[in-house]
Amino acid sequence: MSDNPCATLFERHPQNPILTAAQWPYAVNTVFNPGATRLSDGTTLLLCRVEDRRGLSHLCAARSANGVDGWIIDAAPTLLPADDHPEEAWGIEDPRITYVAELEQHVIAYTAYSRAGPGVSLATTRDFVHFERHGSIMMPEDKDAALFPCRIDGHWALVHRPMSPLGAHIWMSYSPDLLHWGNHRLMLAARRGAWWDANKIGLSTPLIETPEGWLMIYHGVRQTAAGCVYRIGLALFDREAPERCLLRGDSWVFAPEATYEREGDVGNVVFPCGLTLGPDKDTIHLYYGAGDTCIGLAVASARALLGWLKTHRELPAWQATPGTNG
Ligand code: BMA
């Protein structure tokens with residue numbers, strides 16, 4: 001076993017990066033930050049953020065039987081910013097996919113980049129060919145959103161990251177109909193000071209349902225004199241009241257180490273937006289943008305992540321709560 005705790009929890013796939021711009025059937029700048037889902041026939045579908053050579057992003061689907069290679073990439077953009085949606089004027093980015101059994105549809109929460117900044121929009125699809133847009137549900141500046149796969153106490157529930165005078169923290173909001181949102185609750189606050197997740201955090205992938213609660217993979221942004229570093233951490237939330245944090249890890253569990261993560265259009269970034277859970281309900285395939293340039297795959301065990309959380313829980317609240325630790 002390696003001494004590196006990050007390496008033991010998330011194993012990079014030896015074929016990384018598994019998707020790059022060079023594989024795209026049309027001219028693009030970069031491909032990164034994919035949403036992920038496993039279709040009913042077992043196919044892994046990635047909905048990749050593709051940045052074109054104007055700097056604007058759209059989404060493009062790539063399908064693979066094993067989730068590693070043999071990707072079949074749509075010949076043209078799968079979901080482009082819509083002319084009649086001004087909130088998408090500067091592109092659509094960072095999709096998170098949730099399959100909602102009650103709706104028999106996939107719900108995609110994505111960043112709609114408007115002239116007023118990034119907000120959150122929803123679209124639904126059954127086949128990743130035809131999409132229904134539900135428009136803007138969270139005003140700028142807000143991003144890093146994903147829907148829960150089931151109602152919580154009768155309401156739909158969304159995780160998102162508004163920028164507020166309080167800071168860049170992760171919130172939950174509830175809705176009776178996926179259109180009207182309220183009952184906003186702070187879910188996880190960015191730490192302060194020198195911490196790896198100080199000042200700015202955001203949801204990475206949709207939450208993972210486990211017998212012990214909802215497991216969250218989130219990113220923390222450390223600002224340094226040399227620029228930002230995006231790393232990944234873990235937290236666990238109550239099954240019935242998911243805004244209640246049960247456990248939060250102290251250190252990060254995955255960080256830019258490989259050359260393709262350290263270097264790129266935006267170096268020192270690992271940015272997962274999607275994962276698939278294997279038939280064993282334990283094996284996680286985590287799909288992440290690396291350096292805002294290409295797509296990597298890291299494999300983990302949900303049980304091992306929960307075990308790690310129990311032994312690496314955060315320091316007492318007085319050292320970790322915003323406003324009280326300097
Ligand atoms: C975040 C998002 C991501 C991006 C990351 C690093 O704010 O915009 O899409 O990967 O910055 O540039």
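Note that ligands are numbered from 1 as they come in the structure, with each ligand's atoms numbered from 1 the same way.
For the pair Lys143 and ligand 1, the shortest N or O to N or O distance falls below 3.5 Å. Between Arg49 and ligand 1, a contact under 3.5 Å exists for at least one N or O pair.
Taking the six-membered ring for Trp and thresholds of 30 and 60 degrees, Trp252 and Trp196 have ring planes more than 60 degrees apart, a perpendicular arrangement.
The proximity of Asn33 to ligand 1, defined as any non-hydrogen pair under 4.0 Å, is limited to the side chain.
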Would Glu243 and Ile170 satisfy side-chain contact (heavy atoms from CB on, under 4.5 Å), going step by step from the backbone distance to the final call?
CA-CA 10 Å; Glu243 62 266 10; Ile170 298 176; over 6 Å; no

Is there a side-chain contact (heavy atoms from CB on, under 4.5 Å) between Ile73 and Leu19? Walk through the geometry before answering.
CA-CA 10 Å; Ile73 303 167; Leu19 280 167; 4.1 Å; yes

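Atom 1 (C) of ligand 1 has Tyr230 OH, 3.5 Å as its closest protein atom, hydrogens excluded (heavy atom only).
With salt bridges taken as basic N to acidic carboxylate O contacts below 4.0 Å, one links Arg151 and Glu102.
Nearest heavy atoms, Leu297 versus His285: CD1-CB, 3.7 Å.
Set against the non-hydrogen atoms of Asp94, the atoms of ligand 1 under 4.0 Å away are 2 (C), 3 (C), 9 (O).
Residue nearest to atom 4 (C) of ligand 1, selected from Val270, Asp292, Asp144, Thr111: Asp292 (by heavy-atom distance).
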